[in-house]
Amino acid sequence: RVKIRQAVESFRREEENVMDADRETAKQLIAEHSAPALIRVQDVLNSFTDEQKALMRSDLDGIHDQIALMNELEWTLLLIGLLAGIILAFAVTRSISGPVNKAVTVADAIAGGDLDTDIDVGGTRELSILGAALRTMRDSLRKREAESRRHAWLTDGQRKLDEVMRGEKRSERRRVG
């Protein structure tokens with residue numbers, strides 16, 4: 001900028017000299033002094049323009065580098081987020097599927113007749129409720145099985161008693177008869 005000001009000032013001085021001179025002297029001054037001063041101004045302006053272009057290219061390259069860095073950062077964050085989502089989904093799935101698989105194993109054991117199986121289903125509130133329901137079902141089946149055995153024992157005892165009683169009546173009839 002200092003160079004531009006100096007060149008412009010030099011050109012203005014030459015312009016004032018030309019204005020003060022007569023026509024022939026003015027032509028000679030323009031040819032000898034003003035034209036070279038104007039060329040110096042033009043060279044300084046061209047140099048300044050080239051410097052500005054170089055600065056703009058440098059700034060533009062810096063902007064492109066920042067855009068590239070932001071794109072890399074964006075993709076990195078996207079991949080980190082995706083990986084975190086997959087890990088979180090896996091962890092949540094395992095935290096649910098583990099207790100559900102335990103509940104299925106317990107239900108299969110009870111369905112197979114093992115009413116002494118231990119029911120320890122933990123996890124979320126819903127899975128704890130499922131475990132409590134399985135315990136209630138197991139205990140209810142135990143009671144029914146106990147009642148069924150007691151009923152079978154009573155029925156068998158009554159049948160045996162009936163057989164004994166019939167056998168004694170036949171024996172009495174034979175004696176009487």
Side-chain angles (χ1 to χ4, degrees), residues 1-5 43-177:
R1 291 184 181 189
V2 172
K3 288 181 181 181
I4 294 173
R5 284 186 189 146
D43 288 343
V44 169
L45 287 175
N46 287 340
S47 173
F48 180 72
T49 303
D50 291 341
E51 287 176 15
Q52 290 300 313
K53 285 180 182 178
L55 287 173
M56 287 177 65
R57 276 190 207 112
S58 174
D59 288 346
L60 191 57
D61 289 343
I63 290 170
H64 283 278
D65 291 344
Q66 287 180 353
I67 289 172
L69 179 65
M70 293 302 285
N71 281 335
E72 288 178 21
L73 181 62
E74 180 181 296
W75 281 105
T76 302
L77 290 175
L78 177 69
L79 291 175
I80 289 171
L82 185 61
L83 184 62
I86 289 170
I87 291 170
L88 184 63
F90 183 74
V92 168
T93 300
R94 297 236 342 146
S95 73
I96 292 172
S97 66
V100 168
N101 287 337
K102 281 184 183 177
V104 169
T105 302
V106 167
D108 286 343
I110 291 172
D114 182 9
L115 299 180
D116 294 325
T117 189
D118 185 36
I119 300 175
D120 183 27
V121 178
T124 64
R125 183 177 151 263
E126 291 82 6
L127 293 172
S128 296
I129 292 171
L130 175 62
L134 286 171
R135 276 190 288 283
T136 302
M137 178 180 73
R138 179 200 58 197
D139 295 344
S140 176
L141 287 172
R142 278 181 181 166
K143 286 179 186 175
R144 286 183 189 207
E145 184 180 352
E147 287 175 13
S148 180
R149 277 193 222 134
R150 193 173 24 248
H151 179 70
W153 179 79
L154 287 173
T155 303
D156 187 50
Q158 187 174 4
R159 183 186 51 79
K160 287 179 182 176
L161 183 61
D162 284 347
E163 285 176 8
V164 168
M165 295 287 283
R166 281 187 212 138
E168 285 182 8
K169 282 186 180 179
R170 283 187 198 149
S171 295
E172 274 182 37
R173 283 185 200 160
R174 282 187 201 159
R175 277 189 232 165
V176 176

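Treat the numbers as computed from the prediction; the structure is a model and nothing was measured.
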Is the number of heavy atoms from other residues, nucleotides or ligands under 6.0 Å of Glu163 CD greater than 12?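 Yes, enclosed.
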Between [X] (side chain only) and [Y] (backbone N and O only), is there a donor and an acceptor less than 3.5 Å apart?
X: Thr136; Y: Ala132; answer: yes
X: Asn101; Y: Ser97; answer: yes
X: Thr93; Y: Ala89; answer: yes
X: Ser140; Y: Met137; answer: no

At their closest point, which heavy atom of [X] faces which heavy atom of [Y], and how far apart are they?
X: Ser95; Y: Leu127; result: O-CD1, 4.4 Å
X: Leu134; Y: Ala107; result: CD2-CB, 4.2 Å
X: Pro99; Y: Arg94; result: CD-O, 4.1 Å

Got a second to check how far [X]'s [atom1] is from [Y]'s [atom2], nearest 0.5 Å?
X: Asp139; Y: Ile119; atom1: CG; atom2: CD1; value: 7.0 Å
X: Glu126; Y: Ile96; atom1: CD; atom2: CD1; value: 9.0 Å
X: Asn46; Y: Glu51; atom1: CG; atom2: CD; value: 11.5 Å
X: Thr76; Y: Glu74; atom1: OG1; atom2: CD; value: 9.5 Å
X: Leu55; Y: Leu60; atom1: CG; atom2: CG; value: 12.5 Å
X: Leu115; Y: Arg144; atom1: CG; atom2: CZ; value: 12.0 Å

I'd like to know if [X] pairs up with [Y] as an ion pair, taking the criterion as any Lys NZ or Arg NE/NH1/NH2 lying under 4.0 Å from an Asp or Glu carboxylate oxygen.
X: Arg149; Y: Glu145; result: yes
X: Asp156; Y: Arg159; result: yes
X: Asp116; Y: Arg138; result: no

Are Ile67 and Ile63 packed together at the side-chain level, in the sense that at least one heavy-atom pair is separated by less than 4.5 angstrom?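 Yes - at least one pair of side-chain heavy atoms lies under 4.5 Å apart.
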Are His151 and Thr155 close enough that some pair of their side-chain heavy atoms sits under 4.5 Å apart?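 Of all side-chain heavy-atom pairs linking Thr155 with His151, at least one is under 4.5 Å.
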